[in-house]
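Each chain gets a letter, A, B and so on, in the order its sequence line appears, and its residues count up from 1.
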2 protein chains.
Amino acid sequence: MKIGELSERSGLSRDTIRLYEKNGLIASSASKSATNNYREYGEDVLLQLQFVGSARDVGISIADLRELMKAFFDSGDPSEAEKVMVAKVAELKVRIAQIENVISFLDAAIGKVRSGLDGL
Amino acid sequence: MKIGELSERSGLSRDTIRLYEKNGLIASSASKSATNNYREYGEDVLLQLQFVGSARDVGISIADLRELMKAFFDSGDPSEAEKVMVAKVAELKVRIAQIENVISFLDAAIGKVRSGLDGL
DNA sequence: AAAAACAATAGACCATGGTCCATGGTTTGG
DNA sequence: CCAAACCATGGACCATGGTCTATTGTTTTT
């Protein structure tokens with residue numbers, strides 16, 4: 001498919017898709033084919049892009065994502081690839097813990113406000 | 001305490017602290033006192049700053065944080081304050097779910113790599 | 001074949017969140 | 001008293017991640 005359809009289906013702008021491609025997060029295939037130099041994407045790229053989108057939403061940087069995608073797709077060394085991904089999972093779990101921490105803080109604050117409401 | 005000590009104790013740079021103060025995340029107290037115009041902070045600000053630091057780490061924007069801090073400290077309307085905080089907690093829970101989603105994705109990828117390793 | 005829709009590229013532009021720097025005033029310790 | 005250490009301010013600067021624009025080329029559609 002061409003970038004327009006991919007954009008449509010992934011929910012990412014054409015510009016963003018091109019940016020991601022330029023940064024090595026995805027790859028277009030047969031653009032070199034012939035007449036035009038339009039990017040051509042397979043269905044698989046849509047999946048990749050959905051992952052990338054969620055990951056970006058969650059704050060994973062483009063640089064990290066490049067590393068991850070590269071690990072998964074281009075890595076000659078699978079054990080190295082695994083290492084990268086496992087590390088990222090660990091990082092994300094830490095992040096969840098941090099968020100839970102912030103939530104506790106807020107819950108406490110909410111409790112305080114509520115008791116203030118009830119109390120006086 | 002003065003900004004240097006607060007910086008020391010909070011782990012945030014002086015510049016960052018000034019930035020946060022300028023953006024209404026914290027407030028310095030008695031600077032208006034007399035001779036100098038040095039910022040003066042109470043112990044409470046250290047706590048606030050620790051919260052702000054964690055929240056920033058977790059990706060909460062300065063703008064959102066201003067709203068939260070304002071809700072908690074300056075709000076005339078406690079029920080409104082509560083609303084803001086509850087909303088943020090909900091948002092954070094969504095974020096956790098998103099991260100868990102990304103983790104699942106990565107776990108699957110790791111599984112794939114591993115089976116590739118084992119299989120061949 | 002001509003208009004409308006789509007694509008490419010490069011570069012400008014923007015917001016966010018910090019850091020760094022220059023200048024100048026204040027404190028503090030020796 | 002005087003140097004070192006600290007503080008203030010404003011503006012420059014930086015990275016990241018995206019969007020927008022202009023220009024030009026390719027398809028499609030009628």
Problem - Over all atoms of both residues, closest heavy-atom pair of B:Ala81 and B:Ala71 - result: CB-O, 3.1 Å
Exercise for the section: Could you tell me the separation between the CD atom of A:Glu40 and the C1' atom of D:dT26, rounded to a whole number of Å? Expected result: 14 Å
For nucleotides 28-30 of chain D, give me every protein contact, N/O to N/O, under 3.5 Å, one pair per line with atom names.
{"residue": "D:dT28", "atom": "OP1", "partner": "A:Lys2", "partner atom": "NZ", "Å": "3.4"}

Practice task
Would you check if the side chain of A:Ser10 reaches a backbone N or O of A:Leu6 as a donor-acceptor pair within less than 3.5 Å?
Solution key: yes
Exercise for the section: Spell out, as yes or no, whether a donor-acceptor pair under 3.5 Å connects the side chain of A:Arg39 to the backbone of A:Ala27. Expected result: no
Practice task
Measure the shortest side-chain to side-chain distance between B:Glu67 and B:Lys70 over non-hydrogen atoms and say whether it is less than 4.5 angstrom.
Solution key: no
Problem - side-chain N/O B:Ser7 vs D:dC7 OP1/OP2, d < 4.0 Å - result: no
Practice task
Might you confirm whether atom CD of B:Glu8 has over 12 heavy atoms from other residues, nucleotides or ligands at distances under 6.0 Å?
Solution key: no
Exercise for the section: Go through the structure and list residues passing side chain to side chain contact (heavy atoms under 4.5 Å, CB included) with B:Phe72, not counting sequence neighbours. Expected result: A:Ala109, A:Lys112, A:Val113, B:Met85
Problem - ILVMFWY cluster, B:Phe105 and A:Leu47 together (side-chain gap under 4.5 Å) - result: no
Problem - Exercise: identify the closest heavy-atom pair between B:Leu68 and B:Lys88 - result: CD1-CG, 3.8 Å
Exercise for the section: Give a yes/no on whether any side-chain N or O of A:Asn36 is located under 4.0 angstrom from OP1 or OP2 of D:dT27. Expected result: yes
Using the 3.5 Å cut-off, write out each protein N or O paired with an N or O of nucleotides 2-5 of chain D and the distance between them.
none

Problem - Test item: A:Ile60 and A:Leu92 side chains (from C-beta on) under 4.5 Å apart, heavy atoms - result: yes
Handout entry: For atom CG of A:Leu25 and atom C1' of D:dG18, their distance in whole Å
Key = 14 Å
Practice task
Mind listing the residues from residues 46-63 of chain A sitting with a heavy atom below 4.0 Å of DNA chain D? Number order is fine.
Solution key: A:Arg56, A:Ser61, A:Ile62
Handout entry: Interface residues of residues 9-19 of chain B with DNA chain D (non-hydrogen, below 4.0 angstrom)
Key = B:Arg14, B:Arg18
Problem - Given B:Gln98, B:Glu91, B:Lys93, the one that forms side chain to side chain contact (heavy atoms under 4.5 Å, CB included) with B:Arg95 - result: B:Gln98
Practice task
Ignoring hydrogens and angles, tell me if any N or O in the side chain of B:Glu21 forms a donor-acceptor pair with the backbone of B:Ser28 under 3.5 Å.
Solution key: yes
Exercise for the section: Return yes if some donor-acceptor pair links the side-chain N/O of A:Arg66 with the main-chain N/O of A:Ser61 below 3.5 Å, else return no. Expected result: no
Problem - Heavy-atom side-chain proximity of A:Ile3 to A:Tyr41 below 4.5 angstrom - result: yes
Problem - Distance-minimising heavy-atom pair for B:Ala55 and B:Leu65 - result: CB-CD1, 3.6 Å
Handout entry: For chain A, the stretch of DNA chain C it reaches, first to last nucleotide, under 4.0 Å of its heavy atoms
Key = C:dC6 to C:dT9
